[in-house]
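Just so we're clear, the structure is a prediction, and the values are computed from it rather than from any experiment.
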There are 2 protein chains.
Amino acid sequence: MGTTQLETVPEPKYWHLKTVLSEALDSEFAVGEILPNERELAARFGVARATLRQALEQLELEGRLQRRRGVGTTVAPPRVGVAVADPGPAWPGADGTADTWQPVDGGEAIPPAAVAELLNVAPDRPVHVVRRTRMSRSQPLAAELLYVPAESLPGLSSIDAPTGAARARVILRELQRLELESRDQAVELGSARADDARELDRLPGAPVLVVTTRYRAQGRTAAVAVATYRADTCRLTFGDTGGGVRLLAG
Amino acid sequence: MGTTQLETVPEPKYWHLKTVLSEALDSEFAVGEILPNERELAARFGVARATLRQALEQLELEGRLQRRRGVGTTVAPPRVGVAVADPGPAWPGADGTADTWQPVDGGEAIPPAAVAELLNVAPDRPVHVVRRTRMSRSQPLAAELLYVPAESLPGLSSIDAPTGAARARVILRELQRLELESRDQAVELGSARADDARELDRLPGAPVLVVTTRYRAQGRTAAVAVATYRADTCRLTFGDTGGGVRLLAG
DNA sequence: AAGTGGTCTAGACCACGCA
DNA sequence: GCGTGGTCTAGACCACTTT
């Protein structure tokens with residue numbers, strides 16, 4: 001990585017810097033390798049540290065870099081493809097063997113206004129909540145909150161309900177007794193809340209992809225899941241819509 | 001639920017600022033209203049302009065604000081839901097009446113390496129390319145590049161092919177003569193390239209949701225589309241997987 | 001204790017939209 | 001021409017991890 005001089009170009013310095021760095025990453029660095037620290041990089045390119053940081057920020061947003069306070073900046077591996085809607089509609093926790101979700105906690109809480117509206121319950125009514133984490137290669141990919149109104153789980157008595165992760169499993173088990181009719185999802189960009197950030201090993205405000213899933217059963221919305229995926233490391237895949245839907249179309 | 005341990009958490013100024021502003025947006029501002037300018041806001045909150053900007057940046061990322069150079073900062077309307085996989089697999093341009101995509105340009109070009117690999121063609125082979133824009137309420141939502149290898153369009157002679165948008169329409173029409181077998185998609189975070197940024201009425205580097213769609217026909221990948229959606233204004237929806245897939249599952 | 005990235009400041013100038 | 005947001009600087013200190 002040489003000291004490529006920055007010419008006076010119409011494009012912003014940080015943009016040009018990002019291009020130069022990006023090419024250097026392709027040709028001169030291996031995945032996992034540690035870059036020189038920010039102060040040295042800034043000096044080497046003859047820019048202020050803030051400007052250098054603006055370039056690094058973009059590269060991190062694109063999943064090319066990974067920065068960790070107290071450690072350094074490393075070259076990130078390619079994003080992992082994460083199946084979000086494959087292979088068919090299923091209740092959370094129903095995948096059996098290959099389930100990568102781990103229930104963390106369970107309880108009751110008042111859902112966010114947006115979720116209450118989707119569930120069609122009063123905005124101040126507490127509902128069952130399950131917290132889960134999705135791992136891959138012992139690295140956290142996503143943190144999820146699943147909201148289930150009491151009406152959806154008639155078999156769940158509040159007497160025999162344990163607490164913590166055990167309770168989460170009970171709620172998930174009860175859910176699977178319902179016949180799932182359909183499921184729809186939405187993806188949008190967000191920034192990690194403090195609790196999600198801790199779970200995802202990121203700083204608060206880190207960019208995340210928020211996947212909202214609506215589960216429908218018995219003619220109404222039976223549950224809503226809000227999953228936040230690390231935007232830097234994840235590529236969300238929406239599985240092959242072949243076979244099944246072709247029956248519909250044909 | 002939850003262990004609300006109150007650690008010694010020195011919350012960054014910009015984070016607190018973001019919370020305060022967010023609440024103010026909810027209670028004191030209407031959609032479309034113009035906020036005071038950055039210098040005044042910074043003075044009002046007693047912080048440097050850079051710090052204030054860090055808070056505004058996050059709020060813009062979350063779709064709460066819209067900032068435009070030379071104009072000002074306005075309160076953004078709620079994100080629009082954009083159907084990306086609904087209702088079933090179809091070639092681009094096949095929606096008939098309600099098609100919101102507008103072909104912009106057509107021609108030939110060498111695809112990016114990642115696309116060439118998906119298409120299973122040599123990385124230096126030019127392919128047909130269609131540029132389209134997706135509009136909603138006369139505002140651009142997405143810019144797309146559709147890559148189609150010549151082998152996928154045996155009926156397209158290079159003699160009678162026009163140029164520009166007309167050519168784009170010819171390519172799309174030819175595509176629809178193939179029987180589409182399946183389609184899969186992936187969503188990831190990216191930053192707008194200069195050309196996409198211009199099309200989307202944003203600055204280069206603006207956060208976008210990149211949707212990569214792989215169209216399969218005749219047992220192979222017949223086309224690949226890379227669509228970049230404005231992350232600030234779009235919520236991507238993946239339609240109801242009910243009916244059709246239930247046939248598979250049941 | 002040393003070194004890293006994260007936050008913050010107080011300025012300056014530039015690019016753009018609009019009257 | 002004026003006011004807006006966008007870029008850039010040269011510092012300082014803080015939070016965190018590792019040694």
Does a nitrogen or oxygen in the side chain of A:Arg67 sit under 4.0 Å from OP1 or OP2 of C:dT4? no

Which residue lies toward the 5' end of DNA chain C, A:Arg68 or B:Arg68, if each is placed at its nearest nucleotide? A:Arg68

Send over the distance from A:Glu57 CD to C:dG6 P, rounded to a whole Å. 8 Å

Given C:dT9, C:dG6, D:dT9, identify the nucleotide with an atom nearest to the side chain of A:Ala48. D:dT9

Under 4.0 Å between any heavy atoms, over every strand shown, what does A:Leu203 touch: base, sugar-phosphate, or nothing? Just pick one. sugar-phosphate

Quick check on DNA chain D: between A:Arg39 and A:Trp15, whose nearest nucleotide comes earlier from the 5' end? A:Trp15

Closest to the side chain of B:Arg69, out of D:dT17, C:dG5, D:dG5, is D:dG5

Which whole-number value in Å describes the distance from B:Glu60 CD to D:dG6 P? 7 Å

Between C:dT7, C:dG17, D:dG5, which nucleotide gets closest to the side-chain atoms of B:Tyr14? C:dT7

What is the distance, rounded to the nearest whole Å, between atom CZ of A:Arg49 and atom P of D:dA12? 13 Å

Euclidean distance, atom CG of residue B:Leu56 to atom P of C:dC8 [Å, nearest integer]: 14 Å

Phosphate oxygens OP1/OP2 of D:dG3: is one of them under 4.0 Å from a side-chain N or O of B:Asn37? no

Rounded distance in Å - CD1 (A:Ile34) to C1' (D:dT18): 11 Å

Taking only side-chain nitrogens and oxygens of B:Arg53, does any of them come within less than 4.0 Å of OP1 or OP2 of D:dG6? yes

Would you find more than 12 non-hydrogen atoms of other residues, nucleotides or ligands less than 6.0 Å from A:Glu117 atom CD? no

Grab the NZ-C1' distance between B:Lys13 and C:dG6 for me, whole Å please. 14 Å

Take the protein atom CZ of A:Arg202 and the nucleotide atom C1' of C:dG5, then report the distance between them rounded to whole Å. 11 Å

Inspect the surroundings of CZ in B:Arg49 and state if more than 12 heavy atoms from other residues, nucleotides or ligands are less than 6.0 Å away. yes

Regarding the side chain of B:Pro12, the nearest nucleotide among C:dG6, D:dC8, C:dC8 is C:dC8

For atom CD of B:Gln54 and atom C1' of C:dC8, their distance in whole Å: 8 Å

Tell me which nucleotide among D:dT9, C:dC8, D:dT7 gets nearest to the side chain of A:Thr51. D:dT9

Examine distances only and state if a side-chain atom of B:Arg79 and a backbone atom of B:Asp232 form a donor-acceptor pair shorter than 3.5 Å. yes

Looking at every non-hydrogen atom in both residues, tell me the closest pair between A:Arg53 and A:Glu38 and how far apart they are. NH1-OE2, 3.0 Å

Closest non-hydrogen contact found for B:Ala225 with B:Glu144 is CB-OE2, 3.5 Å

